A.B. asks: 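If you scroll down you'll find the structure; I have some questions about it.
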Amino acid sequence: MNYLPEGVVQQILSQLKNARDVASSTCVSKQWQSCVPYIPSLFFSRAAFDYSPRGNHQRFDYDDTIGRMVEAALRLEELVIYCPFNPSNLGKWLIPRGNTLRVLELRMDGFGDKPGPDGTGTQLDCIHVAKQLEQLKIWGVSLTTAPKWGVLKKLKNLEIVGATLRDGVLEEAVHAFPNLVSLVLLSCDGVGLVKFELEWLERCRLDFLGHGSIALFLSTPRLEELNVQGFSSIWVKPNHRLRTLSIAKTHGRVYNVEMGKLAEVESLYLRGIQWSWGAISSVLQNATDITQLTMKVEFCGNSETLLPFPEVDLVNFFNSHPKLQKFEIHGAMFASLCQKNSLANVNSNFVIPSLEEVSVIVRSPLNAEQKLNTLELLVMHSPKLQKMVIRVSQMKNCNEAADDFFEEVCKFQFMNQRIVCIE
């Protein structure tokens with residue numbers, strides 16, 4: 001590299017991100033050390049200060065090292081800190097780089113809501129100095145007090161993982177970024193109500209913990225992707241542009257979902273232990289143009305009692321979703337489509353025009369004949385069907401009835417080898 005032009009050396013070394021690599025490169029020569037101001041990214045891994053070449057246990061002053069490196073990188077655009085640090089020093093690092101920093105990612109280890117260095121506000125208040133910030137990601141933060149971020153108009157992407165929250169604090173913090181395009185909140189806890197009004201938001205993923213009831217209210221006219229987990233009641237103002245919708249709740253019940261017409265939704269995913277039938281039917285009736293549907297809800301009911309799904313007319317269901325191409329269905333919903341009255345409505349003119357792929361989870365051998373008839377009807381009346389996967393590994397009641405049913409499924413698979421497979 002001694003024979004390369006200085007500009008080429010700068011370009012090569014500017015690709016370094018790992019803080020240990022950057023520090024090592026400064027020891028090679030004065031020329032390499034002079035390239036540090038041109039480094040756009042610094043990444044301090046969780047174990048950045050854990051390794052000592054000589055095997056000794058000399059104590060490093062982490063914060064001083066981080067501060068010196070950030071100060072030396074005059075054109076720093078991305079700063080990622082996963083190693084332990086004192087949040088009180090964050091402001092000293094950000095102020096000199098406030099006009100260049102575009103991406104900031106921090107692992108807080110439960111800090112964040114304690115008073116700042118001057119005894120007021122919070123330790124995260126200093127983020128407001130990074131006026132050019134476009135992406136902010138914070139891990140393991142405590143947000144029980146709203147940070148004073150002012151308004152950061154250039155920030156487009158916000159991600160918070162593993163946060164302890166309080167009602168109202170999250171809303172105030174998020175609305176400091178009025179031009180958000182992407183919002184991700186994962187493994188968050190401590191709130192009963194989540195409410196956002198964000199004009200420019202296009203992608204939203206919300207994953208909240210807890211067994212209690214959490215309500216969600218969204219007013220996002222440009223929203224295209226919504227993925228939510230852990231909410232019992234969901235209300236989205238109908239002026240959205242949703243194309244992908246995923247709703248899940250692994251504990252407790254989903255009582256209510258109101259979103260208006262889902263005319264542009266193409267992919268729909270519903271998962272959970274128990275949903276009210278009103279919530280399920282509301283979503284399905286409004287999403288008539290979906291091309292992909294995943295239904296993995298086990299029970300219905302609005303009380304503690306777990307109830308089976310009501311009967312669903314197979315003909316009406318597929319006539320109401322004529323564009324459906326990929327259908328993944330759990331045992332409960334499959335059983336509701338396999339009722340005698342539903343199958344009696346099928347005639348030779350019935351066609352499922354777009355269906356290409358079906359995945360069925362069979363949980364019980366009950367009503368085996370009706371279930372087999374339904375599988376046969378799906379194959380017979382779907383001219384574009386390319387693949388049917390039958391999953392029986394979770395089937396309960398493993399007795400002779402289950403053996404007989406499985407034998408019939410194997411015969412069905414043998415008769416339709418080109419399309420049907422068993423997992």
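Numbers here simply count residues along the sequence, with the first being 1. What you see is a predicted model; the values in this text were computed from it and never measured.
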A.B. asks: Side-chain donor-acceptor pairs under 3.5 Å in residues 234-252, sequence neighbours left out?
C.D. replies:
residue, atom, partner, partner atom, Å
His240, ND1, Leu242, N, 3.4
His240, NE2, Met259, O, 2.9
Arg243, NH2, Glu266, OE2, 2.7
Lys249, NZ, Gly230, O, 3.1
Lys249, NZ, His251, O, 3.0
Thr250, OG1, Gln229, NE2, 3.4

A.B. asks: What residues form a side-chain hydrogen bond (donor to acceptor under 3.5 Å, both in side chains) with Glu225, not counting sequence neighbours?
C.D. replies: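 Glu225: no side-chain hydrogen bond (donor to acceptor under 3.5 Å, both in side chains) contacts found.
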
A.B. asks: Could you check if a side-chain atom of Val297 sits within less than 4.5 angstrom of a side-chain atom of Phe309, using non-hydrogen atoms only?
C.D. replies: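 Yes, side chains in contact.
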
A.B. asks: Between Glu258 and Asn256, is there a side-chain donor-acceptor contact under 3.5 Å, judged purely by atom types and distance?
C.D. replies: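 On atom types as modelled, these side chains qualify, holding a pair under 3.5 Å.
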
A.B. asks: I'd like to know whether NZ of Lys131 has more than 12 heavy-atom contacts from other residues, nucleotides or ligands below 6.0 angstrom.
C.D. replies: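 Yes, enclosed.
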
A.B. asks: As a quick check of understanding, evaluate side chain to side chain contact (heavy atoms under 4.5 Å, CB included) for Leu183 and Phe196, giving each step before the final call.
C.D. replies: CA-CA 11 Å; Leu183 173 62; Phe196 300 129; 3.7 Å; yes

A.B. asks: Which residues pass the side-chain hydrogen bond (donor to acceptor under 3.5 Å, both in side chains) test with Lys154, not counting sequence neighbours?
C.D. replies: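 Once residues adjacent in sequence are excluded, the partners of Lys154 under the side-chain hydrogen bond (donor to acceptor under 3.5 Å, both in side chains) criterion are Gln132.
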
A.B. asks: Taking side-chain hydrogen bond (donor to acceptor under 3.5 Å, both in side chains) as the definition, give me every residue that meets it alongside Ser359, ordered by chain and number, with sequence neighbours left out.
C.D. replies: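 Residues passing side-chain hydrogen bond (donor to acceptor under 3.5 Å, both in side chains) with Ser359: Arg391.
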
A.B. asks: So do Phe177 and Leu136 actually touch side chain to side chain, heavy atoms under 4.5 Å?
C.D. replies: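 Yes, close enough: below the 4.5 Å cut-off.
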
A.B. asks: Heavy-atom distance under 4.5 Å between the side chains of Leu378 and Phe327, does that happen here?
C.D. replies: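 No; the side chains remain at least 4.5 Å from each other.
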
A.B. asks: Can you measure from CG (Leu193) to CZ (Phe231) and round to the nearest 0.5 angstrom?
C.D. replies: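 Rounded to the nearest 0.5 Å, the CG-CZ separation comes out at 9.5 Å.
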
A.B. asks: Look only at the side chain of Arg20 and the backbone of Ala48, and say whether a donor-acceptor pair between them is shorter than 3.5 Å.
C.D. replies: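 Between the backbone of Ala48 and the side chain of Arg20 there is a qualifying donor-acceptor contact (under 3.5 Å).
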
A.B. asks: Would a 4.5 Å heavy-atom cut-off, applied to side chains only, mark Leu42 and Met69 as touching?
C.D. replies: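 Side chain of Leu42 against side chain of Met69, heavy atoms only: contact under 4.5 Å found.
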
A.B. asks: Before accepting this row, confirm whether a basic side-chain N of the pair Glu199/Arg222 lies closer than 4.0 Å to the acidic partner's carboxylate O.
C.D. replies: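 Here Glu199 pairs with Arg222 in a salt bridge, since their nearest N and O are under 4.0 Å apart.
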
A.B. asks: Shortest non-hydrogen contact from Thr374 to Cys338?
C.D. replies: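 Minimum heavy-atom separation between Thr374 and Cys338: OG1-SG, 3.2 Å.
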
A.B. asks: Are any side-chain N or O atoms of Gln274 and backbone N or O atoms of Cys300, one a donor and one an acceptor, separated by less than 3.5 Å?
C.D. replies: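 Yes; judged by distance alone, with no hydrogens or angles, the pair exists.
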
A.B. asks: Output yes when a side-chain donor or acceptor of Arg166 lies under 3.5 Å from a complementary backbone atom of Gly190, and no otherwise.
C.D. replies: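 Pair absent, no side-chain N/O of Arg166 close to backbone of Gly190.
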
A.B. asks: Relative to each other, are the rings of Phe44 and Phe49 parallel, tilted or perpendicular (30° and 60° limits)?
C.D. replies: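 Geometry flag for Phe49 against Phe44: parallel rings.
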
A.B. asks: Ignoring hydrogens and angles, tell me if any N or O in the side chain of Ser382 forms a donor-acceptor pair with the backbone of Val379 under 3.5 Å.
C.D. replies: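 Judged by distance alone, no pair lies under 3.5 Å.
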
A.B. asks: Run Lys137 and Val80 through side chain to side chain contact (heavy atoms under 4.5 Å, CB included) and show every step you take.
C.D. replies: CA-CA 9 Å; Lys137 185 174 182 179; Val80 180; over 6 Å; no

A.B. asks: May I ask you to decide if Asn86's main-chain N or O and Asp63's side chain share a donor-acceptor pair within less than 3.5 Å?
C.D. replies: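 Side chain of Asp63 to backbone of Asn86, a donor-acceptor pair under 3.5 Å: yes, one is there.
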
A.B. asks: Any heavy-atom pair between the side chains of Ile352 and Phe317 that's under 4.5 Å?
C.D. replies: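 Not in contact.
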
A.B. asks: Going by heavy atoms in the side chains, are Asn345 and Phe350 under 4.5 Å from each other?
C.D. replies: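 They are not in side-chain contact.
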
A.B. asks: Are Ser88 and Gln123 packed together at the side-chain level, in the sense that at least one heavy-atom pair is separated by less than 4.5 angstrom?
C.D. replies: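 Yes, close enough: below the 4.5 Å cut-off.
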
A.B. asks: With a 3.5 Å distance limit and no angle check, can you tell me whether His175 reaches the backbone of Glu171 through a side-chain donor-acceptor pair?
C.D. replies: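 Indeed, once roles are kept as given, a pair shorter than 3.5 Å links the two residues.
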
A.B. asks: Shortest non-hydrogen contact from Gly301 to Leu307?
C.D. replies: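 What the structure gives for the nearest pair is CA-CD1, 4.1 Å.
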
A.B. asks: CG of Asn319 to CG of Leu314: how many Å apart, nearest 0.5 Å?
C.D. replies: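 With rounding to 0.5 Å, CG (Asn319) is 9.0 Å from CG (Leu314).
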
A.B. asks: At what distance, to the nearest 0.5 angstrom, does OG1 of Thr291 lie from CG of Leu355?
C.D. replies: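 Result: 11.5 Å between the selected atoms.
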
A.B. asks: Atom CG in Leu218, atom CG in Leu206: separation rounded to 0.5 Å?
C.D. replies: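 Here the interatomic distance stands at 6.5 Å.
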
A.B. asks: Taking Ser14 for its side chain and Gln11 for its backbone only, find out whether a donor-acceptor pair lies under 3.5 Å.
C.D. replies: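 Present.
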
A.B. asks: Could you tell me which residues satisfy salt bridge (Lys or Arg N to Asp or Glu O under 4.0 Å) with Glu304, sequence neighbours excluded, listed by chain and number?
C.D. replies: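 Arg253.
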
A.B. asks: When you measure from the side chain of Lys371 to the backbone of Ser364, do you find a donor-acceptor pair of N or O atoms at a distance under 3.5 Å?
C.D. replies: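 Looks like yes, one N/O pair under 3.5 Å.
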
A.B. asks: Quick one: closest heavy-atom pair of Ala23 and Thr26, and the distance?
C.D. replies: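 Heavy-atom minimum between the residues: O-OG1, 2.6 Å.
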
A.B. asks: Apply side chain to side chain contact (heavy atoms under 4.5 Å, CB included) to Thr220 and Cys204, showing your working.
C.D. replies: CA-CA 10 Å; Thr220 48; Cys204 183; over 6 Å; no

A.B. asks: With sequence neighbours excluded, what pairs up with Ala163 under the side-chain contact (heavy atoms from CB on, under 4.5 Å) test?
C.D. replies: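 In terms of side-chain contact (heavy atoms from CB on, under 4.5 Å), with neighbours along the sequence ignored, Ala163 is linked to Val141, Ile160, Leu165, Cys188.
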
A.B. asks: Quick check against the 3.5 Å criterion: does Glu202 have a side-chain atom that pairs as donor or acceptor with the backbone of Glu224?
C.D. replies: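 Not a single qualifying donor-acceptor pair exists.
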
A.B. asks: Just to verify, what does Arg107 make a salt bridge (Lys or Arg N to Asp or Glu O under 4.0 Å) with, not counting sequence neighbours?
C.D. replies: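 With neighbours one apart ignored, the set is Asp109.
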
A.B. asks: So, for Pro310 and Ser336, which heavy atoms are closest and what is the spacing to 0.1 Å?
C.D. replies: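 Of all heavy-atom pairs spanning Pro310 and Ser336, the closest is O-CB, 3.2 Å.
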
A.B. asks: Please set out all donor-acceptor pairs under 3.5 angstrom arising from side-chain atoms of residues 95-105, sequence neighbours excluded.
C.D. replies:
residue, atom, partner, partner atom, Å
Arg97, NH1, Val70, O, 3.0
Arg97, NH1, Glu71, O, 3.1
Thr100, OG1, Leu76, O, 2.7
Thr100, OG1, Arg97, O, 3.4
Arg102, NH1, Thr100, O, 2.9
Glu105, OE2, Tyr82, OH, 2.1
Glu105, OE2, Trp139, NE1, 3.3

A.B. asks: Please name all residues satisfying side-chain hydrogen bond (donor to acceptor under 3.5 Å, both in side chains) with Arg271, sequence neighbours left out, ordered by chain then number.
C.D. replies: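 Once residues adjacent in sequence are excluded, Arg271 has no partner under the side-chain hydrogen bond (donor to acceptor under 3.5 Å, both in side chains) criterion.
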
A.B. asks: If you apply the rule side chain to side chain contact (heavy atoms under 4.5 Å, CB included), what do you find for Leu106 with Phe85, and how did you get there?
C.D. replies: CA-CA 10 Å; Leu106 303 170; Phe85 70 95; 4.3 Å; yes

A.B. asks: So, the side chain of Asn286 versus the backbone of Leu262: is there a donor-acceptor pair under 3.5 Å, distance only?
C.D. replies: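 Here the side-chain-to-backbone pair does not exist.
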
A.B. asks: Could you give all pairs that pass the salt bridge (Lys or Arg N to Asp or Glu O under 4.0 Å) test and reach residues 324-339, with sequence neighbours left out?
C.D. replies: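 The answer is Lys296-Glu328.
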
A.B. asks: Mind checking the OG-CZ spacing from Ser276 to Phe299? Nearest 0.5 Å is all I need.
C.D. replies: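 So the OG of Ser276 and the CZ of Phe299 are separated by 15.5 Å.
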
A.B. asks: Is there side-chain contact between Met108 and Leu124, with heavy atoms separated by less than 4.5 Å?
C.D. replies: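 They are in contact (side-chain heavy atoms under 4.5 Å apart), so the answer is yes.
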
A.B. asks: Measuring from atom OG of Ser187 to atom CZ of Phe208, what distance do you get when rounded to the nearest 0.5 angstrom?
C.D. replies: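 Atom-to-atom, Ser187:OG and Phe208:CZ are 10.0 Å apart.
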
A.B. asks: Going by the rule salt bridge (Lys or Arg N to Asp or Glu O under 4.0 Å), which residues pair with Lys261 if we only count those two or more places apart in sequence or in a different chain?
C.D. replies: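 Partners of Lys261 by the salt bridge (Lys or Arg N to Asp or Glu O under 4.0 Å) criterion come out as none, since no residue qualifies.
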
A.B. asks: Distance-only criterion, 3.5 Å: show the donor-acceptor pairs between side-chain atoms of residues 32-41 and protein atoms not counting sequence neighbours.
C.D. replies:
residue, atom, partner, partner atom, Å
Ser34, OG, Gln31, O, 2.5
Ser41, OG, Glu78, OE1, 3.1

